[in-house]
Amino acid sequence: MTAHAYVGTSWKMNHTLAEADEYAADLRAHAGEIAPSIQPFVIPPFTALDRVARALGDTRVMVGVQNVHWAPAGGWTGEISARMAAEAGAVIAEIGHSERREHFGEMDSTVNRKVHAALAAGLRPLVCVGDPEAEKYRGTAGEFVARQVKHALHGVAPGDLARVMLAYEPVWAIGESGSPATVEEVERIHAVIRGALAEAGGEDGAGVPVLYGGSVNLDNAAELIASPLVDGLFVGRAAWTAAGYRALLARCGAVLGPVAR
Ligand code: PGA
């Protein structure tokens, strides 16, 4: 199967509208330099979604939303439905990031409901899974992550799996206090995830891209993306400036070359 490598970023809770405009304009101006082997994507906060989607509308950059609610509409103060996000220009819905699981009480069951809501609204769910530090040291990271994958995809029809994306983001690797996983650690868990996907969807599961995220930067991006078990990178801090993101795209493009693998 030939497939693009996905290299994208979530801005998390960063960027005013003016900063979002500046980032999107920069990326738009340089979009032609992105290697055809790469599928770029940017996930701004809700407030900037519509304008970033418009600014990047005629480029290859996909735009996503950081969270959606599981219900189609109703009395859910402070929440956004998948349909609202799609209407604002999102094509990807990030679901189950560890910061949402840790600080906002998201559970495997709500992650699963959100996956179904995203699919129903025509979005591609980007499901984040990852082991907390305790699981890593106990040697149970693989089982933990496989369980998260199975819960997240419960009830998803095999035909719909083609629209799902997964990101392995170990909790201990994310953010200021995180340290990046080694390529060996990533490959070991990605292989486990591949197994869980095969169980969930047979051949259809094989088409699900598995990205890595957690302290990806210019020093480790090349080595990670070179792994045949890594289908892409999901980046936070290192891509919060357009220049930083473009540098990462260039680094990955140099490794992958022009042709999708
Ligand atoms: P980071 O964030 O690159 O800043 O560690 C990664 C993520 O949360 O996806």
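When a ligand or atom number is given, it counts from 1 through the structure's own listing order.
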Subject >> Non-hydrogen side-chain atoms of H151 and N112 separated by less than 4.5 Å >> reply: no
Subject >> Shortest protein heavy-atom distance from atom 2 (O) of ligand 1, along with the residue and atom involved >> reply: K12 NZ, 3.3 Å
Original post:
What atoms of ligand 1 come closer than 4.0 angstrom to any heavy atom of E169?
Top reply: 7 (C), 8 (O), 9 (O)
Subject >> Aromatic centroids of F234 and Y6 separated by under 6.0 Å >> reply: no
**OP:** Run the contact test for S10 against ligand 1 with a 4.0 Å cut-off on heavy atoms, strictly below, and give the result.
**Re:** no
Subject >> Partners passing side-chain contact (heavy atoms from CB on, under 4.5 Å) against A55 (at least two apart in sequence or in another chain) >> reply: A24
**OP:** Check each atom of ligand 1 against the heavy atoms of G175 and keep those under 4.0 Å away; list them by number with element.
**Re:** 1 (P), 5 (O)
Original post:
Quick one: nearest non-hydrogen protein atom to atom 4 (O) of ligand 1, plus distance?
Top reply: R237 NE, 2.6 Å
Subject >> Close approach of H97 to ligand 1, heavy atoms, under 4.0 angstrom >> reply: yes
Original post:
Between I174 and ligand 1, is there a nitrogen or oxygen pair with a distance under 3.5 Å?
Top reply: no
**OP:** Run down the list A239, S215, G236 and name the one with the heavy atom closest to atom 5 (O) of ligand 1.
**Re:** S215
Original post:
When you measure from the side chain of Q66 to the backbone N and O of F46, does any donor-acceptor pair fall under 3.5 Å?
Top reply: no
Original post:
Got a donor-acceptor contact below 3.5 angstrom from the K136 side chain to the A141 backbone?
Top reply: no
Subject >> Exam field: side chain R101 to backbone C128, donor-acceptor pair closer than 3.5 Å >> reply: yes
